[in-house]
Amino acid sequence: MLEYPGLVLTDQVLVERPTTFPYVPGLLSFREVPALLEALGQLPAAPDLILCDGHGYAHPRRFGLACHLGLWLDTPTIGVAKSRLTGSHDEPGPGEGRCRRPRERLGAVLRTRERVKPVFVSAGHRISLRTALALTLACATRYRLPEPTRLADKLSKAHRSGR
DNA sequence: GCGACAG
DNA sequence: ATCTTGTCGC
């Protein structure tokens, strides 16, 4: 857990659980949320916002992991995925004046740092895409991924290598 | 039928 | 996600 806007790390908990559900595109929540709930329950205080490693609204059923976790906890969440699951971007036609007019906006493709591969931001629970974008960018300092996600990933990696 | 497919 | 050699840039 980090404080905002300082992004100073205040708490960190780590849980290790066996998986009980396989990885199936579109059903990531069923694999990840159980462990996430356990970890969040061990924090000394409930966070005001959660940046999720996965999509929120940008999901085939418009209900990705960020939405699922956020609704369960009734806590604001943002989906910040490293790759696309559904939807498309770019490619307006070659002709002058051509532009894309999506029937539905799923999220945004955000380049958090110069020349780095962009991340896919979408609204999770109780937040607008606009605010989700602003907060994600505000949490991305020196790396591609926002600090909360990057530090959590680092913690899990360190845990594994130490065995 | 074929391609796509968060982590 | 994980595996895995070499490579690029600060």
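Just the heavy atoms: all of them, side chains too, but no hydrogens, waters or symmetry mates, feed the values below. Note on naming: letters A, B, ... go to the chains in the order of the sequence lines (proteins, then strands), and numbering restarts at 1 for each one.
Rounded to an integer number of Å, the gap from A/Leu85 CG to B/dC5 P is 8 Å. The separation between A/His68 atom NE2 and B/dG7 atom P is 18 Å, rounded to whole Å. The distance between atom CZ of A/Arg61 and atom C1' of B/dC5, rounded to the nearest whole Å, is 16 Å. Whole-Å rounding puts the A/Tyr23 OH to B/dA4 P distance at 15 Å. At whole-Å resolution of the value, CZ in A/Arg31 and C1' in B/dA6 are 12 Å apart. Separating the NZ atom of A/Lys117 from the P atom of B/dA6 is a distance of 10 Å, rounded to the nearest angstrom.
With distances taken from any side-chain atom of A/Arg160 to the nucleotides B/dC5, C/dT2, B/dG7, the minimum falls on C/dT2. Distance from the side chain of A/His59 is smallest to B/dA6 among B/dG7, C/dT2, B/dA6. Among the nucleotides B/dA4, C/dA1, B/dA6, the one closest to the side chain of A/Arg84 is B/dA4.
The pair A/Glu147-A/Arg142 does not meet the salt-bridge criterion, since no charged nitrogen lies less than 4.0 angstrom from a carboxylate oxygen.
Between A/Glu32 and the choices A/Leu69, A/Asp53, A/Leu65, the side chain to side chain contact (heavy atoms under 4.5 Å, CB included) rule is met once, by A/Leu65. The side chain to side chain contact (heavy atoms under 4.5 Å, CB included) test with A/Pro118 is passed by exactly one of A/Arg111, A/His89, A/Arg113, A/Lys82: A/Arg111.
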| field | Sequence-aligned protein contact record of nucleotides 4-10 of chain C, with B where the base is within under 4.0 Å of a protein heavy atom and S where only the sugar-phosphate is | value | -------
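Below 30°, between 30° and 60°, or above 60°: for A/Phe30 and A/Phe21 the angle between ring planes is between 30° and 60°, a tilted geometry.
Within the 4.0 Å cut-off from OP1 or OP2 of B/dC5, not a single side-chain nitrogen or oxygen of A/Thr86 is found.
A/Gly79 comes within contact range of no nucleotide atom at all, as no heavy-atom separation falls under 4.0 Å. Residue-level contact check: A/Leu27 touches the bases, meaning some heavy atom is under 4.0 Å from a base atom.
Two different hydrophobic clusters hold A/Ile50 and A/Leu137 under the rule that ILVMFWY side chains link at heavy-atom gaps under 4.5 Å. A/Val15 and A/Val13 fall into different hydrophobic clusters, where Ile, Leu, Val, Met, Phe, Trp and Tyr residues are linked whenever their side-chain heavy atoms come under 4.5 Å apart, directly or through other members.
Using a 5.5 Å limit on the distance between ring centres and a 30° limit on the angle between planes, the aromatic ring of A/Phe120 does not count as stacked on the six-membered base ring of B/dA6.
Within the cation-pi definition used here (under 6.0 Å to the ring centroid, within 45° of the axis), A/Arg31 does not qualify as a partner of A/Tyr23.
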